[in-house]
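First the structure, in the form of structure tokens, and then the observations on it.
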There are 2 protein chains.
Amino acid sequence: MSGGVTKGVRVTAHDVAKRAGVSQSAVSRVFTPGTSVSPLMAEKVQKAADELGYRPNVLARSLITGRSRIIGLLVSYLENQFYPEALARLSKAFQAKGYRILVFMVSRDEGETDRVVQDLLDYQVDGIVAASVGLSDDVALKCTRSGVPAVLFNRGQGHPDLCEVTSDNRGGARQVADLFVTSGRERIAHISGWSGSSTARERAEGFKERLAERGTCLFAEACGDFTRDGAVGAARRLFNVPRGERPDAVFVANDHMAFAVMDVLRFELKLQIPDEVSVVGYDDVPMAGWPSYNLTTVSQSLDDMVLATVNQLLARIKKEELPATHERLAGRLIRRGSA
Amino acid sequence: MSGGVTKGVRVTAHDVAKRAGVSQSAVSRVFTPGTSVSPLMAEKVQKAADELGYRPNVLARSLITGRSRIIGLLVSYLENQFYPEALARLSKAFQAKGYRILVFMVSRDEGETDRVVQDLLDYQVDGIVAASVGLSDDVALKCTRSGVPAVLFNRGQGHPDLCEVTSDNRGGARQVADLFVTSGRERIAHISGWSGSSTARERAEGFKERLAERGTCLFAEACGDFTRDGAVGAARRLFNVPRGERPDAVFVANDHMAFAVMDVLRFELKLQIPDEVSVVGYDDVPMAGWPSYNLTTVSQSLDDMVLATVNQLLARIKKEELPATHERLAGRLIRRGSA
DNA sequence: TTGAAAGCGCTAACAA
DNA sequence: TTGTTAGCGCTTTCAA
């Protein structure tokens, strides 16, 4: 017989103490890393605990230590494959450090900010990662100000009080501009993301900036709002026009939209990619490598971003009042078949 | 001036009580739904609370009520778009009921079971949803037995002690068999999912069963393990053969694999879909409707599954000891271009 | 309806 | 190294 893990019975440290014939605080010590207990005591307690199926109650512990070992993750939509990927890796990385992720799905609507912040604080999360498109900055700022460290993941406009981990959107977009110009494209367009997002703005700016430096300028532009439907609309507006007015290259602000654009170009407008029009995305989500799309794109090195996020956040959880940092990880152009 | 939400200061019910000139328990009552307080008291307390920026500490509350309002969600990989979709909707649905989702990413490896169960119990989750491919049953069973209700989402083999919400995999697969036979396909193949999963087995069985009833039998079969790489391998084994031995229809156990199969067929083997070979998937993830794939598939009506899951779990959290139920929601064949 | 008091399960001083 | 004691912030009897 291996022990008494019986149905729904809460075994407390007190029960273990009684069975082992020691004090309750001794039990606590045995289960608290970094405390000193004699080998004998450890063994006695461990034995009793095993027999009773005891495990410390994390919530009770949190109450006194002030640490819940829970990280709040703000996400707004998981349609874009980049986010599930990020979620999975963030979750694993935090898990490896003994933290868990509590998910907060938020819509892009305004006004929700305060409710979300309250929710976050109510659960006593130790820190938050804001990967949502909309109200991230606002929420992150409020949390930081109430003493809960926050890191903006894949967004941020250089706010001096906020920690940000992004890719070098400007730099990535510049590489795309170079690719188009160098390969002799002449009517270069851009389909941008949601204008409320810094990521969208930086990609657009870097792209135009570099185009200008190379002596060209943008031929056409439309906003796709980072959604599939938005991108479909933008693609139609840009390409459903007489031949001569049609762009011969388009930089789409993320892969998720780029797939939609390619679908419109190939299936609705019967255009050849990349012969008649080059398409480049941003993110390098797994699907970009699938033969059906084979999308040239800028890689965000998700692993580095995740690593940086985890490190920054945990550092701030351990030691308050670290100054805000802005990490911008280099993006790398991945050349595939679409450009 | 709107209030004193100052940096990192924990405002307790006690502080509010002092400011409002009432007892601490009065404050508690005002913030506990379903207690009786006079309007005057409510107002006084509310005012003081607002001024101080007070919110009850959920963890402390949990300690005494024994309810954390946290649901543990077990997922194994988010590559298959079905799972992020499910995660997003489950999260929203639970959120609407005042619960939050704590994510537990687990790999398909064996042996982890106990660690995962411990983790889950440590966090005092009120219930768990197991959507992971691997150790779901084991984990769910152990949790249920220790008094934490669990629902298996999209898996389950009819275990009498476990709550399950699945789609009618057998029925869905039968519809696919009918489609193939009716449309005159003669060499019908199947690419199956991971054999450790009930979902995979049911889909395979239903398919073969109906084929037999219609007087045919399976021409070829390969296992794709529910992964993209697995599916690529399976497709090659099945189709990279002399013309006459090549299947003219294939039912792939989920959309995620079906996309891989289509990629192999079209880009590596230069086969025409659906002319030379019909492809049907399962799940109806959003991507299935994109023109690049335009995949005929069986729809899982995710919203119904989510609703059922939430209802079952919350019912069990409120009232212990409800008998296990197995909900199998009907699947619907969505005819698109690939078959 | 309200306040006083007990205690949820644990950690962290402090003494021994 | 160990036990004793005092809370963490809250809900919930119990009297008033």
Side-chain angles (χ1 to χ4, degrees), chain A residues 8-46 48-49 52-70 98 118 121-126 146-147, chain B residues 8-46 48-49 52-70 98 118 121-126 146-147:
Chain A
V9 181
R10 284 264 95 83
V11 181
T12 72
H14 191 252
D15 302 331
V16 178
K18 226 161 50 183
R19 181 175 250 257
V22 301
S23 78
Q24 182 266 323
S25 31
V27 176
S28 169
R29 273 186 216 106
V30 172
F31 282 91
T32 311
T35 53
S36 52
V37 262
S38 70
L40 180 69
M41 170 70 82
E43 201 202 346
K44 267 195 302 189
V45 170
Q46 200 56 258
L52 294 166
Y54 168 77
R55 302 242 61 204
N57 180 329
V58 195
L59 263 40
R61 176 180 283 171
S62 304
L63 192 56
I64 182 152
T65 60
R67 306 235 158 284
S68 61
R69 308 210 70 115
I70 293 178
Q118 290 302 5
L121 299 181
D122 282 1
Y123 275 93
Q124 311 293 121
V125 297
D126 287 347
S146 359
Chain B
V9 180
R10 287 260 93 84
V11 181
T12 72
H14 192 251
D15 301 330
V16 178
K18 229 166 41 188
R19 180 177 251 260
V22 300
S23 78
Q24 182 265 325
S25 27
V27 176
S28 170
R29 273 186 217 107
V30 171
F31 282 90
T32 310
T35 52
S36 54
V37 263
S38 68
L40 180 68
M41 170 69 82
E43 200 202 347
K44 269 197 299 189
V45 169
Q46 200 55 257
L52 293 159
Y54 167 78
R55 301 243 59 205
N57 181 329
V58 193
L59 263 42
R61 174 180 284 172
S62 304
L63 192 55
I64 182 153
T65 60
R67 305 236 161 280
S68 61
R69 309 212 70 118
I70 292 178
Q118 289 303 6
L121 300 181
D122 282 2
Y123 275 94
Q124 313 292 123
V125 297
D126 286 346
S146 3

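This one's a predicted model, so the numbers in the text were calculated from it and none came from an experiment. Letters go in sequence order (proteins before strands), and every chain restarts at 1.
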Do B:R55 and D:dG9 share a donor-acceptor pair, side chain to base, under 3.5 Å? no
Measure from the side chain of [X], starting at C-beta and using heavy atoms only, and say which of [options] lies closest.
X: A:Q24; options: C:dC10, D:dC10, D:dT12; result: C:dC10
X: B:T65; options: D:dG9, D:dC10, D:dT12; result: D:dT12
X: A:V22; options: D:dG3, D:dG9, C:dG3; result: D:dG3
X: A:R61; options: D:dT11, C:dT11, D:dG3; result: C:dT11

In whole angstrom, what separates [X]'s [atom1] from [N]'s [atom2]?
X: B:L59; N: D:dG9; atom1: CG; atom2: C1'; answer: 10 Å
X: B:D15; N: D:dC8; atom1: CG; atom2: C1'; answer: 13 Å
X: B:L63; N: C:dT11; atom1: CG; atom2: P; answer: 11 Å
X: A:R67; N: C:dA12; atom1: CZ; atom2: P; answer: 11 Å
X: B:H14; N: D:dG9; atom1: NE2; atom2: P; answer: 11 Å
X: B:R29; N: C:dT1; atom1: CZ; atom2: P; answer: 10 Å
X: A:Q124; N: D:dC10; atom1: CD; atom2: P; answer: 8 Å
X: B:N57; N: D:dT11; atom1: CG; atom2: P; answer: 9 Å

[X] side chain near [N] phosphate (N/O to OP1/OP2, under 4.0 Å):
X: B:S28; N: D:dT11; answer: yes
X: A:T12; N: C:dG9; answer: no
X: A:S23; N: D:dT4; answer: no
X: B:S25; N: C:dG3; answer: no

Describe the nucleic acid contact of B:V27 in one word from base, sugar-phosphate, nothing, applying a heavy-atom distance below 4.0 Å.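 No contact at all - B:V27 keeps every heavy atom at 4.0 Å or more from the nucleic acid.
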Any side-chain heavy-atom pair of [X] and [Y] under 4.5 Å:
X: B:I70; Y: B:V58; value: no
X: A:L121; Y: B:R55; value: no
X: A:V27; Y: A:V30; value: no

Given side-chain contact (heavy atoms from CB on, under 4.5 Å), test A:Q46 with A:Y54 step by step and report yes or no. CA-CA 9 Å; A:Q46 200 56 258; A:Y54 168 77; over 6 Å; no
Strand contacts (DNA chain D) in residues 34-46 of chain A, 4.0 angstrom heavy-atom criterion: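 By residue number: A:S36, A:V37, A:S38, A:M41.
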Over all heavy atoms of both residues, which pair between A:L63 and B:A60 is shortest? Give the atoms and the distance, please.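 What the structure gives for the nearest pair is CD1-CB, 3.5 Å.
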Heavy atoms of A:S68 and A:V125 approach each other most closely as OG-CA, 3.7 Å
If you assign B:A26 and B:A60 each to the DNA chain C nucleotide with the nearest heavy atom, which residue ends up on the more 5' nucleotide?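 Result: B:A26.
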Roughly how far, to the nearest 0.5 Å, is the CD1 atom of B:I64 from the CG atom of B:L59?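 Nearest 0.5 Å value for the CG-CD1 distance: 13.5 Å.
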In this structure, are over 12 heavy atoms from other groups packed under 6.0 Å from B:Q118 atom CD?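 Counting other residues, nucleotides and ligands, CD of B:Q118 exceeds 12 neighbours.
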